[in-house]
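These figures come from a predicted structure and were not determined experimentally. All values below were derived from every heavy atom in this structure, side-chain atoms included, with hydrogens, water molecules and symmetry-related copies excluded.
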Amino acid sequence: MRVEIWSDIACPWCYIGKARFTKGLAEFAHRDEIEVVFRSFELDPNSAKGEVAPVLDMLAKKYGRTLEEARGMEEHVAASARAEGLTYRTDGRDHGNTFDVHRMLHLAAARGRQEELLDLAYRANFAEERSVFDPETLVALAVEAGLDEAEARTVLADDSAYAAEVRADEREAAELGANAVPFFVFDRRYGISGGQPAEVFTRALEQAWAGREVLAPAAPDGEACEPDGACAVPQA
């Protein structure tokens with residue numbers, strides 16, 4: 001059975017949601033028979049390539065808050081991440097266009113190293129002081145994931161390389177009604193939006209495996225990132 005996950009490397013709930021899905025999958029009896037495919041979704045496709053801003057500045061501008069208030073918003077997300085055993089930095093992270101990251105993830109998928117690169121990119125973006133928006137950092141991550149450096153550089157230098165694959169993923173997300181990420185599709189019959197608890201993913205796997213027809217997504221109120229918006233939940 002195939003599980004497809006639409007996500008963006010800039011989305012903290014995608015980072016958290018992947019960890020929760022992994023825990024839910026571990027509790028599923030047929031876990032060794034599940035193929036997981038990661039699909040592209042840009043939260044801010046209109047942001048200019050090469051323009052990078054601090055995440056806290058972006059949050060403050062988006063919500064009309066002070067930097068201290070924006071830091072509090074980030075701490076809300078960080079607490080959820082840390083509860084899953086993830087490292088999450090609230091200061092020093094960048095925000096920018098993720099199209100090149102998605103193109104590189106498609107190269108990694110073609111070479112059988114997609115999840116390895118995705119995990120490294122998440123870790124670099126949320127846990128380490130390494131900007132995934134820096135071309136040299138992105139190439140280094142690709143090499144760490146097992147990709148050929150020369151091929152990674154060639155793809156990164158050619159804006160058309162794997163661009164069609166990224167756009168195809170995004171069109172498909174729109175066709176499926178995905179308006180926030182992470183978005184999980186189980187065997188093309190069952191969808192879940194947001195970084196749900198692990199047990200929700202386990203139940204979804206069980207239901208999809210059993211072939212039961214589900215007319216509506218389970219637990220639709222999961223925390224997620226919306227296009228052109230910040231992912232943290234504003235605090236009162």
Can you tell me how far CD1 of I9 sits from CD of E42, rounded to the nearest 0.5 angstrom?
13.0 Å
Heavy atoms only: give me the nearest S131-D94 pair and the separation to one decimal.
OG-OD2, 3.0 Å
Is the distance between the ring centroids of F184 and F201 less than 6.0 Å?
yes
Return the CG to CZ distance between D169 and R171, rounded to the nearest 0.5 Å.
9.5 Å
After noting the C-alpha distance and the side-chain angles of K23 and E84, does the key distance pass the salt bridge (Lys or Arg N to Asp or Glu O under 4.0 Å) rule?
CA-CA 9 Å; K23 291 178 181 178; E84 302 301 328; 2.8 Å; yes
Can any side-chain N or O of R39 pair as donor or acceptor with the backbone N or O of A173 at less than 3.5 Å?
no
Show your reasoning for whether side chain to side chain contact (heavy atoms under 4.5 Å, CB included) applies to L107 and M104.
CA-CA 5 Å; L107 168 63; M104 197 67 75; 3.8 Å; yes
d(I34 CD1, F21 CZ) to nearest 0.5 Å is 7.5 Å
Pair R113, E116 - check salt bridge (Lys or Arg N to Asp or Glu O under 4.0 Å), show working.
CA-CA 5 Å; R113 308 297 294 175; E116 288 82 358; 3.7 Å; yes
Report the C-alpha distance between E4 and V36 in whole Å, list the side-chain angles of each, state the deciding distance to 0.1 Å, and finish with yes or no for side chain to side chain contact (heavy atoms under 4.5 Å, CB included).
CA-CA 6 Å; E4 296 162 279; V36 180; over 6 Å; no
From CD (E115) to OG1 (T22), nearest 0.5 Å
6.0 Å
Using a 3.5 Å distance criterion without hydrogens, assess whether the side chain of E128 forms a donor-acceptor pair with backbone atoms of N125.
no
Test item: Y122 and C14 side chains (from C-beta on) under 4.5 Å apart, heavy atoms:
yes
Heavy-atom distance under 4.5 Å between the side chains of F28 and E206, does that happen here?
yes
Rounded to the nearest 0.5 Å, what separation is found between the CZ atom of F183 and the CH2 atom of W6?
7.5 Å
Relative to the ring of H76, is the ring of W13 parallel (under 30°), tilted (30 to 60°) or perpendicular (over 60°)?
perpendicular
In short, L117 meets A108 closest at the heavy-atom pair CD2-CB, 3.8 Å
Compare all side-chain heavy atoms of E33 with those of M1 and state whether any distance is below 4.5 angstrom.
no
Are side-chain heavy atoms of K18 and I5 found at a separation under 4.5 Å?
no
Check whether any side-chain heavy atom of L86 lies under 4.5 Å from a side-chain heavy atom of Y15, and answer yes or no.
yes
Nearest heavy-atom pair of A48 and N97: which atoms, and what distance?
O-CB, 4.0 Å
With sequence neighbours left out, write down each residue that passes ring pair (Phe, Tyr, Trp, His ring centres under 6.0 Å) with F133, or none if nothing qualifies.
none
Quick one: do the E69 and Y63 side chains pair a donor with an acceptor below 3.5 Å?
no
Salt bridge R82-E75, side-chain N to carboxylate O under 4.0 Å
yes
Looking only at heavy atoms, the pair that brings R130 and A140 closest together is NH2-CB, 4.1 Å
Can you name the residues that form a ring pair (Phe, Tyr, Trp, His ring centres under 6.0 Å) with F99, not counting sequence neighbours?
none
Decide yes or no on side chain to side chain contact (heavy atoms under 4.5 Å, CB included) for R93 and Y88, but give the supporting numbers first.
CA-CA 10 Å; R93 292 198 297 108; Y88 191 103; 2.8 Å; yes
How far apart are the closest heavy atoms of G194 and A224, and which atoms are they?
CA-CB, 3.9 Å
For R31, the salt bridge (charged side-chain N to carboxylate O under 4.0 Å, His left out) test, sequence neighbours excluded, returns none
So CG of L56 and CD of E68: to nearest 0.5 Å the spacing works out to 9.0 Å
If we ignore hydrogens and angles and just use 3.5 Å, is the side chain of R103 paired with the main-chain N or O of V155 as donor and acceptor?
yes
Salt bridge (Lys or Arg N to Asp or Glu O under 4.0 Å) assessment of D91 paired with R71
CA-CA 8 Å; D91 286 308; R71 185 172 287 107; 3.2 Å; yes
Would a hydrophobic clustering, with Ile, Leu, Val, Met, Phe, Trp and Tyr connected at side-chain separations under 4.5 Å, put V166 with V139?
no
Answer with yes or no whether the side chains of T137 and D134 bring together a donor and an acceptor at under 3.5 Å.
yes
Taking C-beta and beyond as the side chain, do R20 and S80 meet within less than 4.5 Å on heavy atoms?
yes
Give a yes-or-no answer on whether the side chains of D8 and H102 include a donor-acceptor pair shorter than 3.5 Å.
yes
Trace of the side chain to side chain contact (heavy atoms under 4.5 Å, CB included) decision for I16 with V77:
CA-CA 9 Å; I16 295 166; V77 183; 3.9 Å; yes
Would the distance check show the side chain of T202 and the main-chain N or O of G24 forming a donor-acceptor pair, the cut-off being under 3.5 Å?
yes
Is it true that K49 and D100 make a salt bridge, defined as a side-chain N closer than 4.0 Å to a carboxylate O?
yes
Qualifying residues under ring pair (Phe, Tyr, Trp, His ring centres under 6.0 Å), relative to F38, sequence neighbours excluded:
none
With clusters built from Ile, Leu, Val, Met, Phe, Trp and Tyr whose side-chain heavy atoms come within less than 4.5 Å, directly or transitively, what are the remaining members of the cluster of V37, listed by chain and number?
none
Regarding Y162 and R167, is there a side-chain donor-to-acceptor distance under 3.5 Å anywhere?
no
Go through R123 and E129 one step at a time and tell me if the salt bridge (Lys or Arg N to Asp or Glu O under 4.0 Å) criterion holds.
CA-CA 9 Å; R123 190 174 70 191; E129 293 186 10; over 6 Å; no
Are the side chains of R65 and L59 in contact, using a 4.5 Å heavy-atom criterion?
no
Scan for salt bridge (charged side-chain N to carboxylate O under 4.0 Å, His left out) pairs involving residues 146-158, sequence neighbours excluded, and state none if there are none.
R111-E151, E136-R153, E149-R153
Which pair of heavy atoms, one from V132 and one from A121, lies closest together, and at what distance?
CG1-O, 3.7 Å
